[in-house]
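A quick write-up on the structure given underneath.
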Amino acid sequence: MFLDGDEWQARFRDFQHEAWRLETLPEYRVPQEAEEFRRFLDGERFAGPFEDQWTGMIRQHRENGSTMGRVHVLRRPLSDYLRFEFQRYYAHSARAGEDIRILDVTDRTDPLSGVQDFWMFDRDAVVLMHYEPDGRQISRELHQGDPAPYREYQRIAMAESVPFLEYVNSLDVRS
């Protein structure tokens with residue numbers, strides 16, 4: 001089953017306990033971000049605080065007792081896109097209450113090598129995120145099989161990663 005439109009948005013609106021994502025790419029080509037990304041490359045910075053629909057949703061879920069989180073697997077040097085994503089999205093989403101973590105595999109073996117991006121809702125529903133090699137999204141597909149392997153990927157990602165703000169403060173990655 002391919003997810004789009006309201007059916008996709010409902011996943012974020014209706015989860016009860018947890019929405020969690022694994023990100024593995026150095027760049028995501030999102031048409032809605034193109035202008036802001038171009039401005040970032042031209043030197044504009046997004047110090048914030050930045051509030052939008054996403055941060056509002058994070059806050060609302062937090063107030064209702066549910067959580068949102070993600071782990072991004074990456075290698076240094078950070079791509080321009082990752083530097084943009086850190087400043088434009090992660091810094092603000094983390095302040096809103098999203099548990100964002102970084103799994104830096106620059107100097108180590110990637111414990112999640114070969115695992116594709118996914119969202120998991122309430123540790124039960126898994127949505128596989130399909131991308132072109134350049135980071136353009138192809139589709140989102142509801143996984144029809146056992147979610148247990150994805151729970152294990154989440155466990156590994158959480159155990160092997162560090163909180164976003166700790167990662168940023170340990171390196172000079174903000175520029």
Side-chain angles (χ1 to χ4, degrees), residues 8 12 18-55 57-59 67-120 126-141 149-175:
W8 174 237
F12 295 96
E18 178 186 50
W20 190 85
R21 175 156 167 67
L22 179 69
E23 294 178 306
T24 64
L25 301 179
E27 182 170 354
Y28 294 92
R29 292 187 182 243
V30 180
Q32 303 91 304
E33 295 176 347
E35 176 60 25
E36 282 184 319
F37 184 49
R38 184 198 59 74
R39 292 191 337 250
F40 175 82
L41 293 175
D42 289 344
E44 184 174 331
R45 296 300 178 251
F46 306 95
F50 193 89
E51 293 293 324
D52 61 10
Q53 184 178 4
W54 185 258
T55 56
M57 181 178 59
I58 293 166
R59 289 179 200 287
T67 63
M68 296 181 72
R70 71 182 68 221
V71 170
H72 199 133
V73 181
L74 58 79
R75 292 187 191 306
R76 292 183 318 272
L78 297 179
S79 67
D80 287 338
Y81 180 83
L82 283 175
R83 292 184 314 105
F84 164 74
E85 186 174 55
F86 277 23
Q87 187 180 102
R88 170 59 180 83
Y89 295 104
Y90 287 2
H92 307 290
S93 293
R95 274 190 223 120
E98 184 175 355
D99 181 16
I100 300 172
R101 301 177 64 85
I102 304 297
L103 174 51
D104 188 331
V105 295
T106 302
D107 299 319
R108 60 183 282 199
T109 301
D110 180 353
L112 296 169
S113 180
V115 177
Q116 78 178 87
D117 285 37
F118 67 90
W119 273 99
M120 185 166 47
V126 175
V127 177
L128 303 174
M129 309 295 285
H130 301 288
Y131 294 92
E132 293 286 354
D134 69 356
R136 281 182 289 143
Q137 189 174 70
I138 301 167
S139 65
R140 296 177 284 260
E141 175 186 7
Y150 297 91
R151 291 183 199 127
E152 179 62 9
Y153 300 147
Q154 180 189 27
R155 186 197 66 73
I156 292 167
M158 295 297 289
E160 299 288 331
S161 62
V162 298
F164 168 71
L165 294 175
E166 179 182 322
Y167 182 78
V168 169
N169 290 332
S170 72
L171 302 170
D172 188 16
V173 296
R174 291 167 279 183
S175 59

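Only a predicted model underlies this, so the values are computations on that prediction, with no experimental measurement involved.
With rounding to the nearest 0.5 angstrom, the CZ atom of R29 is 14.0 Å from the CD atom of Q137. Residue R83 holds its CZ atom at 4.5 Å from CZ of F40, rounded to the nearest 0.5 Å. To the nearest 0.5 Å, the span separating CD on E152 from CZ on R155 amounts to 4.0 Å. Note that CG of L25 is 11.5 Å distant from CG of L74, once rounded to the nearest 0.5 Å. A distance of 11.0 Å separates CG of L22 from CG of L128, quoted to the nearest 0.5 Å. With rounding to the nearest 0.5 Å, the separation of CD1 in I102 from CD in E23 is 8.0 Å.
By the 4.5 Å heavy-atom criterion applied to side chains, R76 and L82 are not counted as neighbours. The closest side-chain heavy-atom distance from F37 to D80 is below 4.5 Å. Side-chain atoms of I100 and P163, non-hydrogen and from C-beta on, never get closer than 4.5 Å to each other. At a threshold of 4.5 Å between non-hydrogen side-chain atoms, the residues L103 and P111 count as touching. Residues V71 and M158 have side chains in contact (heavy-atom distance under 4.5 Å, counting atoms from C-beta outward). W8 places a side-chain heavy atom less than 4.5 Å from the side chain of W119. Taking the side chain as every heavy atom from C-beta outward, E27 and D134 never approach each other to under 4.5 Å.
The salt bridge (Lys or Arg N to Asp or Glu O under 4.0 Å) test applied to E18 returns no partner, not counting sequence neighbours. R39 is linked by a side chain to side chain contact (heavy atoms under 4.5 Å, CB included) to E35, E36, E44, F46, counting only residues two or more places apart in sequence or in another chain. Applying the salt bridge (Lys or Arg N to Asp or Glu O under 4.0 Å) rule to E98 yields the partners R70; only residues at least two apart in sequence or on another chain are considered. With sequence neighbours excluded, no residue forms a side-chain hydrogen bond (donor to acceptor under 3.5 Å, both in side chains) with R151. Evaluation of the side-chain hydrogen bond (donor to acceptor under 3.5 Å, both in side chains) rule for E33 yields Y81, Y89 as partners, not counting sequence neighbours. Residues forming a side-chain hydrogen bond (donor to acceptor under 3.5 Å, both in side chains) with D110 (at least two apart in sequence, or on another chain): none.
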Requested in this report: Go through the steps for Q116 and H130 under the test side chain to side chain contact (heavy atoms under 4.5 Å, CB included), then give the verdict.
Outcome: CA-CA 8 Å; Q116 78 178 87; H130 301 288; 3.5 Å; yes

Requested in this report: Assess whether ring-ring contact (aromatic ring centres under 6.0 Å, His included) is satisfied between Y150 and Y153, documenting all intermediate values.
Outcome: CA-CA 5 Å; Y150 297 91; Y153 300 147; 5.4 Å; yes

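Taking every heavy atom of both residues into account, P26 and S79 meet most closely at O-OG, 2.6 Å. Scanning both residues, S170 and Y167, for their nearest heavy atoms gives OG-O, 2.8 Å.
A donor-acceptor pair under 3.5 Å links the side-chain atoms of H92 to the main chain of Q87, judged by distance alone. Checking side-chain atoms of T55 against main-chain N and O of E51 turns up no donor-acceptor pair under 3.5 Å.
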